[in-house]
Amino acid sequence: MDEGNSPLVKAEPGDDSDQQSDETESCIKDMLQEMQSKERGKRPQAATVPASIAPATAVPEQSTPQEHDENSFYNVHSDKPQSLKMCTGELDIVLEPKLAGPVYNAANLTLDRALLNRADMWHQVIVHHGNGCTRQKILEALFGSYSYCDFFPVAYRRHANADFFLLRMCSQVLLKMFEEGLQLKAGSMTLPISVRLGAARFHTGQIFPRQTITKAVQERCDNAAQYGDIAVLNLDSFAEHASLRELCVYLGNRAQFEVVCSAIAQAMDGNACISRLRLANNDISHMSLLAALKDTKLISLDLRGNRIKHPSSLRLLKDIPLVELYVEGNNLTDVPDYEKIIRSFFPNLLKLDSNLTQTVTTKAVRDDAEEEEEVEITSPGTVITEADLNPGAFQKYNITPHWHKVTVHHNGVCNKQDILDGLFHLLGKHAFYPCYYKTYSKQDEFLVQNCFEALLFLVKQKLKLPIPAYNTVLKLALAMNVAEASDTDVQPLRKLERFVNKRFKLGCLDLCSMQDELNECKVVDFCAKSPSTLAYMLEFAARKYGNSCLVLRLRNNGLRNCAALESLSKFYKLVSLDLRYNALSKISDLQGIPWNNITELFLDNNPLCGTMRSSVEYVRKVRQYFGMLQQLDGRTLLGNFTYCQNYLCTPEAYKFAESFVKHYFALFDSFQRGDLQELYHPKAQFSMTCDFDIERSGQQLDAQLDRQVSYAQHSRNLLQFKDSLDRAVSKLIVGNERIGYVLTSFPKTEFDFCSFRIDVPVFTPERVMITVHGRMHEDEVSALGQVSYIGFTRTWYLQPCGMGTNLFHDAIEYKIHNDMLHMYSMTVEGNDAFGGRNEATPVAENGMDTSMQCDDSDRENAMIVFKELTQLNRAWCKRCLEESSWNLKVALNIFLKLYESKRIPKIAFKDDIP
């Protein structure tokens, strides 16, 4: 470039440079030449350079101030021709503003599409930064905005007020720039953009981006030994290749990386020595393009220092027989169990980063199981924001078969299960199947397809997701049409159909405890209690097994209502329905059940049982929905009907309360009652009252009188101590050690668990209150053939005190802070209200979960074998087997883990106390 065409022209206040006089322009040129001469005069070392190397050093010294002086100002409106010299040897590109179109900016967005689409023209893009944004940040913003488009910036030039580059055959990027108002968001800054279409003509010999990238890859392949190893194609930091200095290379751009992958495959086909590939430090994020290397001899792949977000995206490379894989420095390493996920894709992998791994034996895929390919996002899609929440305009996505991306911004407050629970609760009646769920530290994202009604509902909810468990509302973001659907993508409905086929056997459709098995489904997240999910499963089952299904089991699925059971009328031979252990809280939750021929129904262990005032009312209301009913909860409907009235005011607290109550009273009835003090806080308080009429007790009941006195001596009825409050205070037992001493002083008892009425009026992460009403009898009285029940009401107040150790895993440890106990003598009417012991027992047995059902002989055999193998005492053997559902193999595995981690106390190996 000669001095007259130098871009070192100071910006002018005028609108066009041709308004400047020739004399003024000449003066400016003279001043610039004089400044450049003085600058060269300040560098005496240039005069002492040997003549043999003078040309090599002199050329950069002269060209740099003319073309790359970052302190110069660029005049956007100048009409002087400007020659851009290519430092990589290609033919110069001459900018000719007079022959180009107008300069477009935010005030002028009506472009010439015919000129835009011409392949023989270079278009100039000018980013105005006012020296407030670096080149690196501008390029990051550009490639971040257009990562899915053909984007090959050429001849990038930096100036004090604006940067510019050239584009050719990149019409999609230019159109998006105009659609966005010719503005670029770079972090918190918004930079204005100017575009000059047809700024220069393309001539043969000028830089051709795709060809230049291909040649650079081939050069690395041909000279592999110079870059480290003859067997390694080293493309580490590929953008720094010498031949790419006039091309802005960013392999996070899908189009650029596609060219690189194609060039790699071509280079490896021509070089049999290459078996390893290094792609570290290249900002790569699109994994599907590397699948083009599946037919090569690639055994080692280095992807360190890139932008791979989730390990599941590597599933697209499963056809490449990799032995070594390096992924350090990617965000995927933040995903829990990422190594396990990656190894599942590459069964022959021997080395993952610095860790050696064993070969994973691949399991044979069943005939009814299909391998789904990972969906590769090929477009940023149309982002739906709060400003675009127009349900009417959203209707245009009703017929699209594409994949849509849902992003949940949680900032680390909620985990995946909390988010899914909130979504399924909000979208219960709408078909909604999250696929390819990915978890990150600040946000989660997943894909959905054919779920328009659910997405429309989210739009009407203003893209807000309530999470009741955390008392917070999360923001959602939708990106519509991010990928096209294909036959190899996951099909959620087909998975549900295979699940139903697997669960049907000999006339019985067993859909009990579905969630655990549904969680094993890859790629898709299902919710067993979602009405839409269950409705589809039953509709499919009715079509296929409607004439052969006799029994339908829906136990332990957390069902809140029966809206999904509309298809029961299509099960023409169905006679038995099991709805035990669900969350049906009132009789109206049975609405939705159509007319049917069901003669046997199980509803026990649902909260609605506790809302009935009598068994007559219970039967009468249930028969409104089941007119042919003959048996209810395992009992024939003849005469009086007794039902189990276990209930909880807070259904979500069922598992917590059930576990606590069972554990507490099991210890109380055992010889280890002293261990109860460990359940209390060191400053816990215990108080009790009793209304035993000790004074009127007969002399023949001296033994019973003594037992009642053992309770009464700790009673602190404030009405009796109203004249002596100090004495009442002295009866308050404080401290876990004192509480443990008092509890062990009570007579040996046996609690009637079938009589328990459990209530949880408070259940929050900070505190829990549990109240139990029930009855018990004393072992000493029972041994004499007498049964004398004592009624009680007990209330605990618990608070978390840190992390403790469960039998299998770490868990939040709760301590009792306050314990209030009231005991009273049972009347005949009171015993009848609880129900006879022999009558209540069958209900409990019928209500037992199938996972815990086991013949007594089988349990005893398992106990003997387990005790012989582990040398544990009988109490610990029973505990381990119960926690593992009496599965001997699972119990042994748990024992080994606990033993190796030294979590089993020595007392567990002591012989049982006779």
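Excluded from the calculations below are hydrogen atoms, water molecules and symmetry mates; all remaining heavy atoms, backbone and side chain alike, are included. Values in this document were obtained by computation on a predicted structure and should not be read as measured data.
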Side chain proximity check, C221 to I274, heavy atoms < 4.5 angstrom: yes
Heavy-atom side-chain contact between V232 and R278 under 4.5 Å: yes
Ring centres under 6.0 angstrom apart (Y436, H310): no
Residue pair N306 / N330, side-chain donor-acceptor N/O under 3.5 Å: no
Exercise: identify the closest heavy-atom pair between P401 and A485: O-CB, 3.3 Å
Nearest-0.5 Å distance, CZ of residue F202 to NE2 of residue H123: 12.5 Å
Sub-4.5 Å side-chain heavy-atom contact between H129 and R158: yes
Y156 six-ring face occupied by R135 cation (under 6.0 Å, within 45°): yes
Mutual orientation of the aromatic rings belonging to Y397 and H404 [parallel < 30°, tilted 30-60°, perpendicular > 60°]: perpendicular
From NZ (K442) to CG (N411), nearest 0.5 Å: 4.5 Å
Sidechain-backbone polar pair: N234 side chain, D236 backbone, donor-acceptor under 3.5 Å: yes
Any donor-acceptor pair under 3.5 Å from E246 side chain to C87 backbone: yes
Side-chain donor or acceptor of R168 paired with backbone N/O of A119 under 3.5 Å: yes
Partner of L84 under side chain to side chain contact (heavy atoms under 4.5 Å, CB included), chosen from V94, L166, D92: L166
Electrostatic pair R210:D150 at N-O distance under 4.0 angstrom: yes
Check: R201 and D120 side chains under 4.5 Å, non-hydrogen atoms: yes
Closest non-hydrogen atom pair between K176 and C149, with its separation: CD-SG, 3.6 Å
Pairwise distance CG(N481) to NZ(K396) - rounded to 0.5 angstrom: 9.0 Å
Over all atoms of both residues, closest heavy-atom pair of A479 and V482: O-CG1, 3.3 Å
Sub-4.5 Å side-chain heavy-atom contact between S145 and K185: no
Exceeds 12 heavy-atom contacts within 6.0 angstrom, atom CD1 of I230: no
Between E90 and T88, a side-chain donor and acceptor under 3.5 Å: yes
Listed partners of F151 passing ring pair (Phe, Tyr, Trp, His ring centres under 6.0 Å), at least two apart: F143, Y146
Separation of Y326 OH from L303 CG (nearest 0.5 Å): 11.5 Å
Heavy atoms of other groups near M169 CE, more than 12 under 6.0 Å: no
Heavy-atom check, side chain of D163 versus side chain of Y74, under 4.5 Å: no
Spatial distance of atom CG (L251) from atom CD1 (I213) [nearest 0.5 Å]: 7.5 Å
Taking every non-hydrogen atom, the tightest pair across L91 and H203: CD2-CB, 4.1 Å
pair L478-L476: side-chain heavy atoms closer than 4.5 Å: no
D444 side chain vs F446 backbone, donor-acceptor pair below 3.5 Å: no
Main-chain N/O of E328 paired to D353 side chain as donor or acceptor, under 3.5 Å: yes
Point-to-point distance, once rounded to the nearest 0.5 Å, from SG of C170 to CG of L116: 10.0 Å
Contact list for residues 248-261, test side chain to side chain donor-acceptor pair (under 3.5 Å), sequence neighbours left out: Y250-R307
4.5 Å side-chain heavy-atom contact, Y104 and D112: yes
R118 side chain vs L115 backbone, donor-acceptor pair below 3.5 Å: no
Minimal non-hydrogen separation, V76 against H128, with atom names: CG2-CE1, 3.4 Å
Residue pair S78 / R196: nearest heavy atoms and the distance that separates them: O-NH2, 4.1 Å
Residue Q266 excluded, over 12 heavy atoms near CD under 6.0 Å: no
Backbone of A267 reached by a side-chain donor or acceptor of N271 within 3.5 Å: no
